[in-house]
Amino acid sequence: MPTTISTRTWKHVSGALGAMMLGSLVTGVVMTTPAFLRNDPTAQEPVLTNPTPPPNRLAQNSAALQDFSNSDKQPLGGQNLAAAEGLSTAFRNVANFVRESVVSINTIQTRVVGGRRLPPGFQEFFGAPEGQQRRLEQTGMGSGVVVRRDGYILTNNHVVEGADELQIEFSDGTTTAGRIVGIDPQTDLAVVKVERENLSAIPIGDSERIQVGDWVIAIGSPFGLEQTVTAGIISGKNRVRGIVDDGHGFEDFLQTDAAINPGNSGGPLVNLRGELVGINTAIMSRSGSSAGIGFAIPVSIAGPVVNSIIEHGVVRRGFLGASLADVNAKTIEGFQLKARRGVMIQSVLDGMPAAAAGLKPNDVVTAIDGRQMLSSSQMKNYVASRPPGASMALTVDRNGQPLKLQVDLKERTDELMAQFNAGEVLGARVIPATEAIAKKYNYDNLDGGLVITEIEAGSIAEQAELMVGDVIETAGRFPLESAKQLEMIVAEYERAGEPLRITIRRGQRRLLGVIQP
């Protein structure tokens, strides 16, 4: 089976081998296509007729070539190379047009390493007195793309994450310091700012309209080789690999066979008009280098992220308040759905936008704002791309009857998302620990677990002497993330007739408990 290389795998570059994938996206800059691309035959896709043969460079340089060649063959003639020459010209034009917008990003991360306890007489062999701390610098390299003329650069979060210093190198060889404006681990994107004006910002394309088979070009710094250009096609769309934010992020990758290698991360994927369509981010490979399967974050996802980071410093996303499922053979049969395409509403949270708009479980959303919805990941990404307070027009199938609904989104927060994993187990209301919930119950260092917010009188939870504010960290040695998970563990132990051991955090103490389901 092919190996998926996570975005974190390419974090650092040391010596000859770098670390990072590709990626790069832009926002708010709209530029017209340059004249040399508008006039280029391949960019406009006309039919080439009666092309003028290219000059015979071999004959022009024959004097130099005769020094080492005594061939009596003439160059192959009679072939129609117009299409190939036109495509070559298009590649060359795009590379020259885009190169000023592509940057290399060099990162430095400093770590302080504690001293060692060494046997007497060994200190001289390790270069530092016993117990002395040392500062270690870890370097990395990636790519980025200028998306605004006033110094904003788009790259991958995994390129700059944890960096203490950024050096941005431009195509003319000049360098300048950069600072991180904002990051978004949920899309693996980041925005960097340099104090320069009148930069060459890349024009933005439409990743929704690009098709499988379309030519694309990737530019970046693989293995530290700045301004490397590779070409390929769009091999697939709407790829979800579960590699962003440990599988909890927003993914809708463009797949390409344009060569992407460590160091390409954060660089642009562009079409033949020189427009940004994606940010090179990851590859699938057994060897760690390009195997012809690369993934780029589409600009449809990157655009709202960049705009929000520049405007607010963080990413603000819309929240619907409904859990989603794909419409497929299993859900059609299991829930007796009439619709054959769309996204099924599994559940709605009380008091949230979906419920307020009238959405119900088993409704099938077929379109939003005129866009056809074909998968739950597509709908999730679209909702998240809308700002808080935005209104969406939903086309819904309810048991075969069409409906039109209007939804006004709230702002997505960790606390609201935790509601999807909340529930009642053993007579206790539990909710995943978040920063706000931890603060409410006077915890400052919670790392997962389920917080008890209510306990029913006479319940198993009360009999086990659990208390409101307790954090159930593990059950049966399994770390807990959701009420559903705890419910399944309890059911398993109940079937086996065995007592369930749990780990509880109560204030600054950790307790062991035993529950008989």
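Just so you know, these numbers come straight off a predicted model, no measurement behind them.
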Checklist entry - So L374 and R341, side-chain contact (heavy atoms from CB on, under 4.5 Å) or not? Walk me through it. => result CA-CA 6 Å; L374 300 176; R341 288 186 177 183; 4.3 Å; yes
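- Pairing each heavy atom of A201 with each of S101, the nearest pair is C-OG, 3.7 Å.
- Under the 4.0 Å criterion applied to side-chain N and carboxylate O atoms, K237 and D214 are not assigned as salt-bridge partners.
- Side-chain N or O atoms of T230 include one that pairs as donor or acceptor with a backbone N or O of A259 at under 3.5 Å.
- In this model, no donor atom of one side chain and acceptor atom of the other lie less than 3.5 Å apart for S235 and T256.
- Between the side chain of N271 and the backbone N or O of E275 there is at least one donor-acceptor pair closer than 3.5 Å.
- Annotation for G236 and V212: closest pair CA-CG2, 3.9 Å, computed over non-hydrogen atoms.
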Checklist entry - Would R317 and D184 count as a salt bridge (Lys or Arg N to Asp or Glu O under 4.0 Å) if you check the C-alpha gap in whole Å, the side-chain angles of each, and the deciding distance to 0.1 Å? => result CA-CA 11 Å; R317 293 187 166 95; D184 183 35; 2.4 Å; yes
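- Considering N381, N238, T187 as possible partners of D252, the one that fulfils the side chain to side chain donor-acceptor pair (under 3.5 Å) test is N238.
- The main-chain N or O of A190 is never found under 3.5 Å from a side-chain atom of N157 such that the two would form a donor-acceptor pair.
- Checking side-chain atoms of N156 against main-chain N and O of H158 turns up no donor-acceptor pair under 3.5 Å.
- Across all their heavy atoms, T331 and V327 have their closest contact at OG1-CA, 3.4 Å.
- The backbone N or O of V343 sits nowhere less than 3.5 Å from a side-chain atom of S375 that would complete a donor-acceptor pair.
- Cation-pi contact between K193 and Y152: present, with separation from the ring centre below 6.0 Å and deviation from the ring axis of at most 45°.
- Here the straight-line distance linking atom CD1 of I455 with atom CD of E465 works out to 10.5 Å at 0.5 Å rounding.
- Heavy-atom contacts from other residues, nucleotides or ligands closer than 6.0 Å to CZ of R398 number more than 12.
- Atoms CD and CE, on E415 and M417 in that order, are 11.5 Å from each other to the nearest 0.5 Å.
- E473 has a carboxylate O that lies under 4.0 Å from a charged side-chain N of R510, or vice versa, which qualifies the two as a salt bridge.
- There is no side-chain donor-acceptor pair under 3.5 Å between Y441 and D470.
- A donor-acceptor contact shorter than 3.5 Å is absent between the side chain of S221 and the backbone of G263.
- Salt bridge present: E411 and R316 bring a charged side-chain N and a carboxylate O closer than 4.0 Å.
- A donor-acceptor pair is defined here as one N or O able to donate and one able to accept, closer than 3.5 Å; no such pair exists between the side chain of R273 and the backbone of V270.
- No donor-acceptor distance shorter than 3.5 angstrom exists from the side chain of Q211 to the backbone of I234, with no hydrogens or angles considered.
- Within the 4.5 Å cutoff, no side-chain heavy atoms of M352 are placed close to those of L320.
- A donor-acceptor contact closer than 3.5 angstrom is absent between the side chains of Q378 and R371.
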Item to check | I368 vs M379, side-chain contact (heavy atoms from CB on, under 4.5 Å): CA-CA, chis, key distance, verdict | outcome: CA-CA 8 Å; I368 301 179; M379 182 169 168; 3.8 Å; yes
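- S143 OG to N264 CG: the interatomic distance, rounded to the nearest 0.5 Å, is 5.5 Å.
- For Q346 (side chain) and A322 (main-chain N/O), no donor-acceptor pair under 3.5 Å exists by modelled atom type.
- Under the side chain to side chain contact (heavy atoms under 4.5 Å, CB included) test applied with L480, the options I489, T503, T474 reduce to a single match, I489.
- Between W215 and F91, the ring planes lie perpendicular to each other; the angle is over 60°, past the 30° to 60° tilted range.
- Of the possible polar contacts, one joining the R340 side chain to the K338 backbone as a donor-acceptor pair under 3.5 Å is found.
- A pairwise comparison of heavy atoms in N261 and S290 identifies OD1-N, 2.7 Å as the closest pair.
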